[in-house]
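Have a look at the structure below before the remarks.
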2 protein chains.
Amino acid sequence: MAKIDDVARLAKVSKGTVSNVFSQKRPTSNEVRERVMSVSRQLNYVPNHTARSLVTKKTMAIGLTIPHGSFFFSAFHTQFINGVILEAAYYGYRVLLDIIPVHEVKTPFLTSYPIDGAVVMRPTANDERINLMHMGQIPFVTVGHVMNENIEHSTSVDNDNVQMMSNICEYLVGKGHTDIMFLNANEHMTVSIDRKASFIQAMKVRGLDVEEYMIHHKPPELNSSEYMDYGYEETIDILGKQKKKVTAIIADDDRTAFSVLNAIKDLNLSVPGDVSIFVICGDNSMMVQSNPSLTSMDLQPSELGAQSVRLLMHQLGVLQGDYDENIIVEGKIIERNSVSTIGHEEDRK
Amino acid sequence: MAKIDDVARLAKVSKGTVSNVFSQKRPTSNEVRERVMSVSRQLNYVPNHTARSLVTKKTMAIGLTIPHGSFFFSAFHTQFINGVILEAAYYGYRVLLDIIPVHEVKTPFLTSYPIDGAVVMRPTANDERINLMHMGQIPFVTVGHVMNENIEHSTSVDNDNVQMMSNICEYLVGKGHTDIMFLNANEHMTVSIDRKASFIQAMKVRGLDVEEYMIHHKPPELNSSEYMDYGYEETIDILGKQKKKVTAIIADDDRTAFSVLNAIKDLNLSVPGDVSIFVICGDNSMMVQSNPSLTSMDLQPSELGAQSVRLLMHQLGVLQGDYDENIIVEGKIIERNSVSTIGHEEDRK
DNA sequence: CTGAAAGCGCTTACAG
DNA sequence: CTGAAAGCGCTTACAG
């Protein structure tokens with residue numbers, strides 16, 4: 001645990017010079033630099049991060065705020081976080097995981113947050129975490145819209161859920177599907193609300209009515225042992241018992257899709273011959289691994305993560321120039337083998 | 001951004017007293033405490049974390065080191081991290097994500113790590129990260145054994161992979177299975193090596209030979225688009241094409257298990273009627289969601305995470321008393337519906 | 001129970 | 001290009 005004084009003394013320079021050799025904020029002569037570095041290696045010296053932070057007023061860390069509670073990483077989360085970490089590292093920032101519960105923030109700050117900014121995932125209506133950031137004057141960017149009173153402007157990244165559902169419907173209807181079942185996310189999530197509305201709208205535009213049994217919501221996350229087999233049950237129920245006509249199923253994640261695939265096989269039907277499956281998001285390597293491989297809408301979560309960091313860097317002044325405060329990342333349809341073209345098959349007859 | 005001086009002045013006390021009110025390291029009179037808190041609220045004051053750290057020499061953060069490269073969270077990782085975060089929060093510590101690549105650590109420390117200790121996941125042989133921790137005199141605990149030269153003692157948490165495989169074999173053989181296929185993890189992982197050896201040994205002890213086609217390794221993680229459908233292909237190949245007799249398949253994670261289930265259904269066989277499936281680890285909620293639900297060995301990753309933090313707390317002096325330097329967390333078999341008893345069925349005939 | 005003062009290990013104007 | 005000195009915002013013996 002050598003400190004700057006030790007190095008300065010041994011290298012016969014001032015502390016300021018040692019500081020400059022490491023920070024490279026001011027030029028140093030080759031001779032001095034090498035002398036300092038040599039002594040530093042010898043002493044195993046590295047500048048103390050905390051002391052530096054105290055004077056620069058930068059922690060070089062950003063917070064990544066994840067709601068605690070029933071904590072679970074979907075493929076979306078995993079990839080998003082991956083994007084955040086890599087992009088942050090690129091700018092020399094580390095990532096501090098925060099787990100402020102969405103509600104009941106008891107002891108808000110025992111001390112200040114040792115972060116320069118934060119990425120807030122899944123903001124809820126009037127999210128306490130956002131009020132805290134706002135109070136603490138910590139720059140932040142959210143994934144999805146902020147819905148807090150008293151906060152007007154805010155920086156965010158998001159997918160366009162409305163556009164996305166519309167594209168999915170266009171794709172499926174374009175392939176001849178008119179009886180589409182939608183297994184949506186939890187009822188309470190804002191994305192799920194947006195997607196449902198957009199789904200109905202997109203079908204309507206194409207002259208197709210969406211009956212109630214065509215939309216289902218994933219039950220709220222329960223204790224794992226109580227977890228219902230949502231995708232499987234719904235599929236067996238609607239296609240098997242109720243014998244409804246369904247030619248395509250949209251599943252809101254890869255796990256649900258797998259469960260649906262499972263059910264279809266148990267009904268002695270085939271994918272995509274009898275029923276097509278379309279996945280929103282999900283882990284690509286997993287969807288390739290499936291048989292048949294699953295056609296999906298890639299939400300580019302890792303790109304979302306990277307963009308959120310870039311927005312933060314703009315706010316922190318690390319990145320210069322103009323920028324959009326609200327960034328929309330496009331969803332991309334990745335065609336694999338789980339969606340059939342109904343028209344073509346009929347043509348062949 | 002009020003500072004301690006502002007509060008001290010307004011509350012008409014010394015800085016030291018304000019400090020005590022917040023840190024509670026020395027008693028303060030009610031009167032003074034309330035005066036200080038009232039002023040602090042008014043000024044929106046919170047102690048500066050960095051300044052405190054500089055003098056206490058504690059960052060109140062622990063690092064969580066995850067190999068970067070083909071970064072992917074399995075259910076094990078997710079739950080492990082969850083355990084780490086919650087347990088760390090319990091002791092007032094935050095979690096800093098570290099992404100030092102396993103190899104090529106170029107600029108080891110531009111500055112010191114702002115952490116008090118670290119949890120290192122997946123140590124590899126002669127892991128550079130561990131050498132760094134060792135050099136930097138940062139206490140750390142690993143998940144799995146350390147295999148570095150020059151490092152003799154180390155603190156770790158782990159499952160007993162040998163015991164675990166033995167238990168699984170005992171369980172399956174006990175149910176009448178003698179032809180068991182094992183879809184193991186990546187060949188290079190230490191857990192996979194341990195499990196393979198143990199599998200062969202456990203079968204041998206029971207008078208059963210393991211032929212080569214009975215053990216397969218997951219291919220190294222490739223670009224997602226090149227990812228082979230490992231579990232599916234192997235199952236179709238061995239059971240379908242080669243027509244080998246296999247009554248039970250052990251899959252090393254839930255995703256592989258799903259893929260196997262998929263294959264078995266495509267072979268017009270049933271689970272567990274024709275083939276049983278046993279999963280090592282995996283996400284419980286997902287395995288319940290499957291049909292049939294999947295019998296598995298729960299590695300208790302979140303318990304492993306919590307224990308690793310507790311070990312760290314011991315090393316940091318936060319937790320007092322004696323402790324084991326190497327903690328083994330038991331794997332628990334969770335019986336669900338994917339393993340049949342062959343003996344019973346034959347009895348019925 | 002409270003205060004005055006030194007110090008944690010750096011960086012940063014200010015001079016030269 | 002380099003040095004001397006002040007200061008970042010706290011905590012902590014030391015006195016009382």
Side-chain angles (χ1 to χ4, degrees), chain A residues 1-37 39-40 43-61 92 109-116 136-138, chain B residues 1-37 39-40 43-61 92 109-116 136-138:
Chain A
M1 297 306 181
K3 15 195 204 175
I4 201 169
D5 297 84
D6 304 326
V7 177
R9 205 178 316 117
L10 256 174
K12 297 195 197 314
V13 292
S14 72
K15 299 196 298 181
T17 300
V18 176
S19 176
N20 286 323
V21 169
F22 278 92
S23 70
Q24 302 183 332
K25 291 197 178 171
R26 299 194 305 192
T28 43
S29 66
N30 282 334
E31 192 202 352
V32 166
R33 190 180 332 119
E34 276 164 24
R35 192 141 39 93
V36 168
M37 288 313 286
V39 171
S40 299
L43 261 42
N44 221 325
Y45 170 75
V46 211
N48 179 296
H49 180 271
T50 305
R52 177 181 279 177
S53 285
L54 183 56
V55 23
T56 59
K57 296 187 183 314
K58 285 180 193 166
T59 63
M60 298 306 283
F109 292 78
L110 285 162
T111 81
S112 63
Y113 266 101
I115 54 175
D116 299 334
Q137 308 198 37
I138 297 177
Chain B
M1 296 303 182
K3 17 194 203 176
I4 199 169
D5 297 84
D6 303 327
V7 176
R9 204 178 318 117
L10 256 174
K12 298 194 197 314
V13 292
S14 72
K15 299 197 296 179
T17 300
V18 175
S19 176
N20 287 323
V21 169
F22 278 92
S23 70
Q24 303 184 332
K25 291 197 178 170
R26 299 194 306 192
T28 44
S29 65
N30 281 335
E31 192 202 353
V32 166
R33 189 181 332 120
E34 277 164 23
R35 192 140 40 93
V36 168
M37 289 313 286
V39 172
S40 299
L43 260 44
N44 221 327
Y45 170 76
V46 212
N48 179 296
H49 180 270
T50 305
R52 178 181 279 177
S53 284
L54 183 57
V55 22
T56 59
K57 296 186 184 315
K58 286 180 193 164
T59 63
M60 297 307 281
F109 293 78
L110 285 162
T111 82
S112 63
Y113 266 101
I115 55 174
D116 298 334
Q137 307 198 39
I138 297 177

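Within every chain, numbering begins at 1; the chains are lettered A, B, ... in the order of the sequence lines, protein sequences first and strands thereafter. Just so you know, these numbers use all the heavy atoms, side chains as well, and skip hydrogens, waters and symmetry mates.
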Protein-nucleotide distance (A/H49, atom NE2; C/dG9, atom C1'), rounded to Å: 13 Å

Atom-pair distance (NZ on B/K3; P on D/dT11), nearest Å: 15 Å

Phosphate OP1/OP2 of D/dC10 contacted by B/S53 side-chain N/O (<4.0 Å): no

Of B/T17 and A/I4, the one whose closest DNA chain C nucleotide lies more 5': B/T17

Nearest-Å distance for atom pair CG/C1', residues A/D5 and C/dC10: 9 Å

Touch class at under 4.0 angstrom, heavy-atom based, for B/V13 against every strand present: sugar-phosphate

Candidates C/dG9, D/dA4, C/dC1 - which lies nearest the side chain of A/S14: D/dA4

Closest nucleotide among D/dC1, C/dC10, C/dT2 to the A/P47 side chain: C/dC10

Any B/K57 side-chain nitrogen or oxygen under 4.0 Å from OP1 or OP2 of D/dT11: no

N/O (side chain, A/S23) to phosphate O (OP1/OP2, C/dT11) under 4.0 Å: no

Closest-nucleotide ordering on DNA chain D, the 5'-leading residue of B/R26 and A/R26: A/R26

Distance-only side-chain donor-acceptor flag, B/S53 / B/T50, under 3.5 Å: no

Side chain B/R35, main chain B/A11, donor-acceptor under 3.5 Å: yes

Interatomic distance at C1', D/dG16 relative to D/dT12, whole Å: 16 Å

Interatomic distance where NZ belongs to B/K58 and C1' belongs to C/dC8 [whole Å]: 14 Å

No-H, no-angle donor-acceptor pair, B/R9 side chain to C/dG3 base, under 3.5 Å: no

Nearest listed nucleotide, side chain of A/T56, among D/dC8, D/dT12, C/dT11: C/dT11

5'-most by nearest nucleotide on DNA chain C - B/T28 or B/V55: B/T28

Residue whose closest nucleotide on DNA chain D lies nearer the 5' end, B/L54 versus B/N20: B/L54

Backbone of B/N20 reached by a side-chain donor or acceptor of B/R26 within 3.5 Å: no

N-O pairing of A/K3 and A/D6 below 4.0 Å: no

Separation of atom NZ in A/K25 from atom C1' in C/dC14, rounded to whole Å: 17 Å

Non-hydrogen side-chain atoms of B/I4 and B/F22 separated by less than 4.5 Å: no

Between P of C/dC8 and CZ of B/R52, the distance in whole Å: 19 Å

A/D116 side chain vs A/T59 backbone, donor-acceptor pair below 3.5 Å: yes

Whole-Å distance separating the NZ atom of B/K15 from the C1' atom of D/dG7: 11 Å

Counterpart base for C/dA4, defined by Watson-Crick or G-U wobble contacts under 3.5 Å: none

Separation of C/dG7 P from A/N48 CG (nearest whole Å): 18 Å

